[in-house]
Each structure stands twice: as C-alpha cells, then as structure tokens.
A.B. asks: 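First, the structure itself, so that you have it in front of you.
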2 protein chains.
Amino acid sequence: MASASLQEAVSVLKSTNVRMTPQRHAILEFLHSSMSHPTADDIYKSLEERFPNMSVATVYNNLRVFKDAGIVKELTYGDSSSRFDCVTSDHYHVICNDCGKIVDFHYPGLDEVETLAEHVTGFDIEDHRMEIYGTCPECTKMSKQ
Amino acid sequence: MASASLQEAVSVLKSTNVRMTPQRHAILEFLHSSMSHPTADDIYKSLEERFPNMSVATVYNNLRVFKDAGIVKELTYGDSSSRFDCVTSDHYHVICNDCGKIVDFHYPGLDEVETLAEHVTGFDIEDHRMEIYGTCPECTKMSKQ
DNA sequence: TCTTTATTTGTAATTCTTATAATCTATTCT
DNA sequence: AGAATAGATTATAAGAATTACAAATAAAGA
Ligand SMILES: [Mn+2]
Ligand SMILES: [Mn+2]
Ligand SMILES: [Zn+2]
Ligand SMILES: [Zn+2]
C-alpha cells in the first residue's frame with residue numbers, strides 16, 4: 001500500500017536529522033497517493049488550498065531533500081520540467097507522445113547491454129536509463145473517432 | 001566521411017525550400033566535423049570568430065530547421081542544455097558521469113522490450129530511448145592517481 | 001537587376017529552477 | 001515549561017536555457 005511506503009519514507013527521513021513539517025508531510029503524501037509522476041508545479045498546485053502561503057521553493061527544496069535521502073527519484077525529460085517518482089525500486093517508464101502520460105513498466109535489467117557497452121567503450125558502466133514512447137490506449141481511441 | 005554526409009545534408013535542405021546561408025552552412029559543418037555532440041552554445045562559441053555578429057537565436061533557429069528536416073537529432077538530458085547529433089542512424093549513447101563525455105554505442109534495437117511494453121501497457125509503441133552511464137577510461141585513470 | 005520571401009539579428013520574454021535573507025518553528029537543553 | 005539552537009519556510013531576486021518578435025538583411029529565381 002501507499003501508506004506503508006509513506007511511513008517508511010517518513011522514518012527514513014527521521015533517521016537523518018530531517019524535521020517533519022506539515023508542508024513536507026503533505027508533499028510526501030501527495031507523491032505517494034499519486035501514480036502520475038507529478039512535476040514540482042503539480043505538487044505546488046495540488047497543495048495551494050491546504051497551504052495558501054506555501055512557496056514553490058519549499059516544494060523544490062523538499063524534493064531535493066527526498067532525493068538526497070533516496071526516497072524519491074527525479075525523472076528528467078529535457079524539454080519540459082522534471083517529474084518525481086516515489087517508487088524507488090528499479091522500473092522503466094512508458095510515455096504517451098500525445099498526452100504525456102507516464103506508466104510504470106517492469107522489465108528485467110538490461111545487463112547484457114551494459115556488459116557490451118563496457119567492452120566496446122572501455123567505460124566503467126554504472127547504470128542506464130530507458131524510456132519507451134508511443135500512444136496510450138485512450139489517445140489511440142480518441143484519434144480513431 | 002563527414003564531408004559526404006555534409007553534402008547529403010545540404011541537398012536534403014535544398015530539396016525543401018531552405019536557403020543556404022553562410023551561418024547555416026557553418027553550423028552544419030561544425031556539427032559534422034565534431035564527434036562531441038555539441039550544445040547550441042558550443043556551436044555558437046565555436047563560430048563567434050568567423051561570425052562575430054551571429055545571434056544565438058540563429059543557432060537555435062537552424063538547429064530546429066535541421067531537426068525538422070531530419071538531418072539532426074536533439075539529445076535531451078534534462079538537467080542541462082540539449083545536445084545535437086548529426087548522425088541520424090539509430091544508435092545509443094554512453095555518457096560519462098564525471099566529465100559528461102558522450103560516446104556512440106551501436107546495439108541491435110530492443111524489439112522485445114517494445115513488444116512486451118505494448119502487451120503489458122496497451123500502448124501503441126513507436127520507439128524508445130536508452131542511455132548508458134558510467135565513468136570513461138580517462139576519468140577512471142584520473143581518479144586512480 | 002529586381003522581387004519575393006526566407007533568414008538573421010538584437011532584444012525582450014518565458015519557463016524552470018536555484019540563491020538569498022528574513023522570519024518562523026520543530027526539537028533539544030536547562 | 002521556557003529558552004536556545006538549528007533547520008525550514010517564505011518571498012523575492014537571480015540564473016540559465018530557450019523562444020518570440022519585429023526590423024533589417026540577403027538568398028534564389030525571374
Ligand atoms: Mn515510476
Ligand atoms: Mn551519437
Ligand atoms: Zn495519451
Ligand atoms: Zn569522463
């Protein structure tokens with residue numbers, strides 16, 4: 001459940017000297033309740049009713065704190081703003097070219113790719129990233145109408 | 001050779017109604033002579049002696065023209081500025097976490113990943129991107145000293 | 001050469017993100 | 001509990017990358 005891993009995230013933070021504030025907890029909560037890999041601005045907007053005075057800097061600050069603590073991953077896609085994922089176990093993402101939707105995709109790691117890259121380039125390979133792009137079922141349905 | 005594909009690129013542009021200007025040719029030339037996947041600013045700086053009055057907007061404008069014509073690919077890595085690749089045939093990139101160097105890496109397409117993603121998510125998959133990260137031989141040598 | 005229209009240039013605007021300093025508050029110490 | 005400490009929040013300015021815009025320029029064809 002999301003609430004279980006939220007509790008885990010809170011205790012990870014408490015184990016370092018990170019204080020628990022209402023804003024911080026709300027950001028964590030939103031991340032764990034959302035499956036949509038939100039942007040900093042998504043988070044900011046979703047909390048502006050509960051925290052009318054919250055600064056967008058607070059969102060960014062906390063996302064960095066979470067990243068440093070290893071409880072959140074940042075997904076960077078270049079052209080637009082970063083997205084944040086509270087699922088830190090290894091997985092890939094399938095992204096819709098039309099609406100931008102991001103869906104988790106589990107696949108065994110591409111070890112042989114890393115091994116070959118190491119042999120061919122002489123690099124000491126540490127990891128890789130992969131995203132798969134296409135059109136989601138909803139957008140396909142739309143375009144057929 | 002680079003000059004052969006440069007000629008190709010020029011004729012692709014001429015086949016649409018894209019005019020050949022000195023600035024445009026110089027940007028193309030630099031892209032084809034460089035193996036380093038330069039940023040817009042790299043290109044701009046490399047040409048400021050030959051074209052002291054060139055605007056950085058011209059570099060961006062032309063990179064977009066090249067992209068639209070299919071003779072240049074944009075590589076987006078999120079945190080920093082885009083890089084541009086005049087090798088448009090399919091290949092992957094190995095990137096050094098220390099110095100940022102980008103090296104081409106040829107590998108057969110990951111068709112089975114795309115197929116599985118299609119089955120699992122219901123997306124109509126079009127393509128994917130992958131980058132492999134590690135430490136380049138030079139940086140490894142440095143750190144051992 | 002003349003005309004048309006794409007292109008360049010200089011600058012302002014935009015977007016995303018970070019830096020800064022003052023204020024506030026969670027936690028600790030007495 | 002009350003005060004001290006140090007971390008957190010806020011508001012705002014600054015930064016970097018990129019794009020928009022309009023005026024000036026120049027490529028290509030007639
Ligand atoms: Mn995910
Ligand atoms: Mn390349
Ligand atoms: Zn979609
Ligand atoms: Zn390196």
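What you see is a predicted model, and the numbers here were worked out from it, not measured in a lab. We name chains A, B, ... by the order of the sequence lines, and we start the count at 1 in each one.
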A.B. asks: Take the C1' atoms of the five end pairs on each side of the helix from C:dT1-D:dA30 to C:dT30-D:dA1, derive the two axes, and give their angle rounded to 10 degrees.
C.D. replies: 30°
A.B. asks: When rounded to the nearest 0.5 angstrom, what distance separates CD in B:Glu118 from CZ in A:Phe105?
C.D. replies: 10.5 Å
A.B. asks: What is the distance from NZ of B:Lys45 to P of D:dA16, rounded to the nearest Å?
C.D. replies: 11 Å
A.B. asks: Check whether any side-chain nitrogen or oxygen of A:Arg64 sits under 4.0 Å from OP1 or OP2 of D:dA8, and answer yes or no.
C.D. replies: no
A.B. asks: How would you label the contact of B:Thr58 with the nucleic acid (heavy atoms, under 4.0 Å): base, sugar-phosphate, or nothing?
C.D. replies: base
A.B. asks: Expressed in angstrom and rounded to an integer, what is the separation of A:Arg24 atom CZ from C:dT25 atom P?
C.D. replies: 15 Å
A.B. asks: To the nearest angstrom, how far is A:Tyr44 atom OH from C:dT18 atom P?
C.D. replies: 16 Å
A.B. asks: Quick check: on DNA chain D, is the nucleotide nearest B:Val18 upstream (toward 5') of the one nearest B:Asp41, or the reverse? Name the residue that is more 5'.
C.D. replies: B:Asp41
A.B. asks: With respect to the side chain of A:Ser81, which nucleotide from D:dT9, C:dT7, C:dT17 is positioned closest?
C.D. replies: C:dT17
A.B. asks: So, is A:Thr21 near the phosphate of D:dG7, with a side-chain N or O under 4.0 Å from OP1 or OP2?
C.D. replies: no
A.B. asks: Without decimals, in angstroms, what is the distance between B:Leu63 CG and C:dT7 P?
C.D. replies: 14 Å
A.B. asks: Salt bridge check: are B:Arg64 and B:Asp68 linked by an N-O gap of less than 4.0 Å?
C.D. replies: no
A.B. asks: Taking only side-chain N and O atoms of A:Tyr60, does any of them lie within less than 4.0 angstrom of OP1 or OP2 on C:dT18?
C.D. replies: no
A.B. asks: Step through the shown structure and confirm whether more than 12 heavy atoms of other residues, nucleotides or ligands are within 6.0 Å of CD on A:Glu49.
C.D. replies: no
A.B. asks: When all nucleic acid strands are considered with a 4.0 Å heavy-atom cut-off, which category describes A:Ser82: base, sugar-phosphate, or nothing?
C.D. replies: sugar-phosphate
A.B. asks: Quick one, give me the B/S/- string for nucleotides 10-15 of chain C, reading 5' to 3', where B means a protein heavy atom under 4.0 Å from the base and S means that only happens at the primed atoms, P, OP1 or OP2.
C.D. replies: B-----
A.B. asks: How do B:Asn62 and A:Ser80 order along DNA chain C: which one's closest nucleotide is nearer the 5' end?
C.D. replies: B:Asn62
A.B. asks: What is the distance from CZ of A:Arg19 to P of D:dT9, rounded to the nearest Å?
C.D. replies: 10 Å
A.B. asks: Take atom CE of A:Met20 and atom P of D:dT9, then tell me their distance rounded to the nearest Å.
C.D. replies: 10 Å
A.B. asks: Would you please test A:Ile95 and A:Tyr77 for side chain to side chain contact (heavy atoms under 4.5 Å, CB included) and show each step?
C.D. replies: CA-CA 11 Å; A:Ile95 303 173; A:Tyr77 297 120; 3.7 Å; yes
A.B. asks: Ignoring hydrogens and geometry beyond distance, is a side-chain donor-acceptor pair present between A:His37 and A:Asp42 at under 3.5 Å?
C.D. replies: no
A.B. asks: Given atom CG of A:Leu13 and atom C1' of C:dA26, what is their separation to the nearest angstrom?
C.D. replies: 14 Å
A.B. asks: I need the NE2-P distance between B:His25 and D:dA28, as an integer number of Å.
C.D. replies: 11 Å
